[in-house]
Amino acid sequence: MMQIFMTILVALILLGLVWVEVKRPVKAFLFFRVLATVMAVVALFLIMMPFTIFGSEKGKKVIILLTEGYHQDSVNQFLKNEHQSIPQYDLNNISNESMADVSTIHLFGNGFKDTNQVELPKVPILFHATDQQTGIQNIHWQDNIVSGSTLLVQGSCLNTTKKPVKLIMYGWNQRIDSIEIGAGKQQPFSFAVVPENVGRGIYHLALVTGRDSIEKETIAYQIQPAKALKVLMLGASPDFESKFLKNWLADFGYTVITKTSVSKEKFQKTYSNAGQLNFENLTAALLDEQDLIISDEAAIQALPTTELAILKQAIAEKGNGLLLNADSILSKKNFIGERISLKSADSNNALIKVSKWGENYYAAAINLKHPYYIIEQKGMQPLYVDQQKRIFAAVSVFGKGKLLVNTLQKTSSWLLAANKNDYRNYWTSLINQVAKKESAEETWASSIDLPRVNESIQFTAQTNSSTVPQLSIQHQEIAAKQKALLPSYWEAIYWPSETGWQTMIGTNGAISDWYVYPKGSWNTIYANKQISQTKAFLKNRVSNISTKDAEWHQASPNQPIYLFLIFLFSMVFLWVERKFQ
Amino acid sequence: MFEVEAINRIRSIQRNWQLRKLLDLLLMLLSAAILLMVLLHVFFGVSYWWAFLGLPISIGATYFTSSLWQLSEKEIAHYLNKNYPILEESIDIVLVPTEQRSDLENWQVRKISQLFLELDLKAPFSKLLQKSIGLLIGSVILCLILLQFSSKFSVINYAGKNKNEQTKETILPEIKNVFIKIDPPAYTGKKSREQQTFSILAEAASMVEWKIETNQPLDSMVLILNDSAHYRFTTDAKNNLHWQLRLPATVNGIYQIKLPHKISDHYALELIRDLIPMIQIQSPKQYAVIDYGEPKQLALVADVKDDYGIVSANLVATVASGGGEAVKFKEHQFPLMAGGVAVQQTQFKKRIDLNSLNMQPGDELYYYVKAVDNHQQEARSDMYILKLTDTAELKEMNGMVNAINVKPDYFRSQRQIIIETEQLLRDRDTISAQQFKSRSNELGVDQKLLRLRYGKFLGEESEGNIGDSRFDTDEDHGSSGAEVFGDANTVIDAYSHKHDNAEDASFFDVETKKQLKAVLTEMWGSELKLRTFFPKEALPYQYKALRLLKELQQSSRAYVAKTNVKTTPLKFEKRLTGELTKILPQPLHFEIAKTTDTEAAIRKTMGMLLTIQSKEVPDANALMLMQVVLSSLNRLAIDQPANYLLAYESFKRLYTDYQNQKVWSHTDWIASLAACEKILQRPANKPGKQLEHAEKKLADYYFHHLNDRK
């Protein structure tokens, strides 16, 4: 309506101006004057009323292409706005004839599933993406955790309805947690649970409003039992702290070897769960076996040069971890003191309460006579801090391995005061940070986080061996393809035909499990991914298409610079003409 | 002639219409009754049997309230006249006896009788009846709807019913009925009882007799207890239909009845154990002290109770005299209960004079109460201690001289006052009354000065009535009296110092302040007695004050923790310069015995249960894991049938169905998971080896080459 009114108005103005020009007594350049007037007015009008499409010279045909997830209402609304009927085709069923002479394509729905396989003519594609639906927009959880750890399911959920909705996480018989999302809001959620089972397990997420359920999803996870550690403890003098720690670790069945200096060149060695092992000095072979070395500074200082070098090599090159219990300023002469500095806290007999970095829970207070804390440095990750944010445990990287310094002494007082949880949480997080990690010979990673049935998944493996890796899923052998530029990477494509747990057997019989979701699950997440992929693809595509054929504009106003130049020149001509009349 | 027939017709019409009206009423009554009954049943759990009572009564009432439904002939005639003009308003004349009619009336009757007989009468009340039937159908539909959703409305009564229904036992069809007689042991004093359910709750050592009647002759019947012991039933040889077995109930567990080709479910056999007697000594306290001046006696008050009866109770007291290595012990026993009559609950009171036990000051008495119940089970209370104060020891300075602390040496002053008071008492006979009084007064002043000095520590600056319990300036009023839970201020008050409050300015914590206050109270008492010239009565107060002060001083000693001491590392240059080559510390090997992996197996089973599907091919590993859980549940069911029997049964059914590739019931699956969860504790996180992805080759390559370039 507005356009018609404006057009009429402008036409009238144009006529008026032309008439004025014609009516002028001076008749020189009349034709050019009228032309300039007309061009100026038309250019100004076009600047004010931008239109979106410049057609190509090829043809004027416009089509609508429908993809998965389109809404007929939005298509109809579009057609209503365009005031013309445009043929509609399904992306999967469109023929080449229909696409001949097409000038513009309007794309409705979620877009292209696989942008690598899009074969469309080089014409502008205008993407009318489906609006975001109510549902879980994104989600993440660690699907393989150790027994006793927390399974954290986090994501965000959008509610476009007019009523509040509830997102509930539940297990086999009980509700674990829930969150209410207000009408028209998008809210992040975070559910935590400690699963009791070992092996595979399933939780469910349901998005409900009142009695209707909008979305129902499955969360598949696996729990592995904690793997045993081999720990070597060195001490310059016997003390209760190391004794409690040794007993605590040995109670889990872990192999703990301690070597404590009890006198001049005399050492007390204890072997817990170590069989008939016996050692005299630190050797590379011994350290290779160990996952973690716990020591205090004096013991490190007292090591002979050769052993110190072996220790340093084991950490830097073999990936061992060193946990240092420091109770005084570190000497700068060794490799630890060069990297980490301690500072004495001003007060003596202080009650220290530590909490894990980023958390609010403070462990029970420990009365330390001369507390020291770690000075923050680049490349260091603080693990435990006190109420004044002074660091009492921090880890830093040393070559391939890690170096952790702990200045919180007397943690055994937690055990004596029956604060077992504090003690367990503290030492578990410290040891897990610094212990040598187990690396599998070969791991297969899937390209999709939430694989669905009958949709292809690409598995990529990185292997250390030079032989061809074997892969079999559900007793079906899958052939892998080696990547040309990265010989240790192999790829395999698989189309799961069944839902549920699938067993994957790699080379040497390594078994791992993964879960295939049924068709139609995680629709919102897939839709969002598809839309963003399509948008990125189309944006990329525009810059690739050559401008040789015609001018391309994609849902953006026409370039006004040309029109402005036309207007400018016309006005300049008219002015000059007037001036030098 | 037609008259008679007309009258008959009227009468038959009357009967017909009355019946219809009655029917209509009854239909309405029925619909109302059905609706009411269902409403009452659904919302209030009223049994349906009430309907069988209420309905006849209401029907009868309706029937007998004749005015509701009865119609007289006159009314019928009136109705006919009104609705059928052909009758010319004269059908009622038919009802008038012939002899009372006039000729005109007779003639009219003759005229209309025939017409009347041919008249086609429309049944009235038809619409009404339709309405009633409609109402009945409507109320029936409503009731059905209500019953359909009744589970949502069920209230407490309903819940109680459901529980009973759940624990209904499944009995083998061959068993017609069962009588179980439980004979509790004689000493319990309980009578024998009978029951007809297989689940038994019996007193320990009672005799249980099963009498089972079958509906077909059987070859044998065996009772299997705890899946191990077999007991054969005996039968009267005639028809093998009646079986008996008598067993003493000595073990807790589960049992099954085995027939020649069938075996029943597990039933619980729970024992009510005879508990040992419970003894509680009300007074005196566990550690009591008899101060100087208090009566030397033990006033014992003890509550003893047992589930079946106490036969005897004794007080066992041991006197410990002397000290160090020369301590001597002597035991005495005092019976508390007379006679052999068993009582279930009683309170014993006994007063023992300590002089009769030859107790001297400084001796201690250790005593406890011993009770025996009628099942010869013995119980003992805790050991209680009673100490006689030794005033001589109090006055000694052992261990006190090297006490270095911030507090002043108040201890000696109180001791001095005691010494002087005793001296005064000894000199009483040799000095004049005036002198005695003045000395006593001086001692009182000394005591007052002492009291004021300590009062300063409590922040009391004014002289006067410090320590006087009549002028109790108690700062912590809030702590005594009614506790207000959740009142933040009360909690804060108990632990904080209010620095703007002069009274609260002190160095001590709450406990020390209380003790000091007690000391001051005693000192006040002593001063009072001294000033009123009763020094002998002042002595107990003084001794008590001294004892409290000594305790206070000892309690404020800081005990250095023996643990968490880090020994200073030796300086090997200066120390241990001797020959140590022959000293060889032996390596110590420890093997921590691995606990059985039952918990791990149960966790794995739980994980497996969450993912297995009905009818799938059974996995050997899964079956093995389930066997482990089954045996754990078996043990638990034997120990606690009430808690674990149902879970055990459900798990067993699930296991059998899984083994035979059958569909199992969801209830069994849920019950099995719940059982696993019940046995397990929440898994604790523990340190372990973390897994990292195999990035090694490429990452190693980069790492080494970067390092080499360094």
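Throughout, protein chains are lettered first and strands after them, A, B, ... in sequence-line order, and every chain is numbered starting at 1. Side-chain atoms are counted along with the backbone in the values below, which use heavy atoms only and exclude waters and symmetry mates. Here the structure is a predicted model, which is why all the values come from computation and not from measurement.
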Worksheet item: Taking every heavy-atom pair that is under 4.5 Å apart, which of B:M608, B:M606, B:E591 has the most such pairs with chain A?
Response: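 Highest number of heavy-atom pairs under 4.5 Å: B:E591.
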Practice prompt. Determine whether more than 12 heavy atoms belonging to other residues, nucleotides or ligands lie under 6.0 Å from atom CD of A:E265.
Written response: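 No, not enclosed.
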When you compare the side chain of [Y] with that of [X], does any pair of heavy atoms fall below 4.5 Å?
| X | Y | answer |
| --- | --- | --- |
| A:K269 | B:P585 | no |
| A:R424 | B:N685 | yes |
| A:F267 | B:P587 | no |
| A:N197 | B:K604 | no |
| A:D291 | B:K689 | yes |
| A:N273 | B:F590 | no |

Could you state the interatomic distance from [atom1] ([X]) to [atom2] ([Y]), rounded to the nearest 0.5 Å?
| X | Y | atom1 | atom2 | answer |
| --- | --- | --- | --- | --- |
| B:L610 | A:E196 | CG | CD | 10.5 Å |
| B:K686 | A:L249 | NZ | CG | 11.0 Å |
| B:L673 | A:Q174 | CG | CD | 9.5 Å |
| A:D251 | B:I592 | CG | CD1 | 5.5 Å |

Checking [X] side chain against [Y] main chain: does a donor-acceptor pair fall under 3.5 Å?
| X | Y | answer |
| --- | --- | --- |
| A:N432 | B:G688 | yes |
| A:E317 | B:H704 | no |
| A:K266 | B:I583 | yes |

Worksheet entry | Aromatic plane relationship, A:W172 with B:W669 - under 30° parallel, 30 to 60° tilted, over 60° perpendicular |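 If you compare the ring of B:W669 with that of A:W172, the planes turn out perpendicular.
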Is [X] in contact with chain B via its backbone, its side chain, both, or neither, using a 4.5 Å heavy-atom distance?
| X | result |
| --- | --- |
| A:Y221 | side chain |
| A:N278 | side chain |
| A:K246 | side chain |
| A:S261 | side chain |
| A:I257 | neither |
| A:A316 | backbone |
| A:K436 | backbone |

Discussion item. Counting heavy-atom pairs under 4.5 Å with chain B, which one of A:A226, A:S147, A:A250 comes out on top?
Written reply: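 Maximum pair count with chain B is reached by A:A250.
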Worksheet item: If you tally heavy-atom pairs under 4.5 Å against chain B, which of A:L229, A:T258, A:L292 wins?
Response: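 Sorted descending by pairs with chain B, the first entry is A:L229.
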Item to complete: Please flag which part of B:E677 lies under 4.5 Å from any non-hydrogen atom of chain A: side chain, backbone, both or neither.
Response: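 Contact with chain A: backbone and side chain both.
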Worksheet item: For B:Q690 and A:Q433, does a side-chain donor sit closer than 3.5 Å to a side-chain acceptor?
Response: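 There is no such pair (donor and acceptor under 3.5 Å, judged by atom type) between the side chains of B:Q690 and A:Q433.
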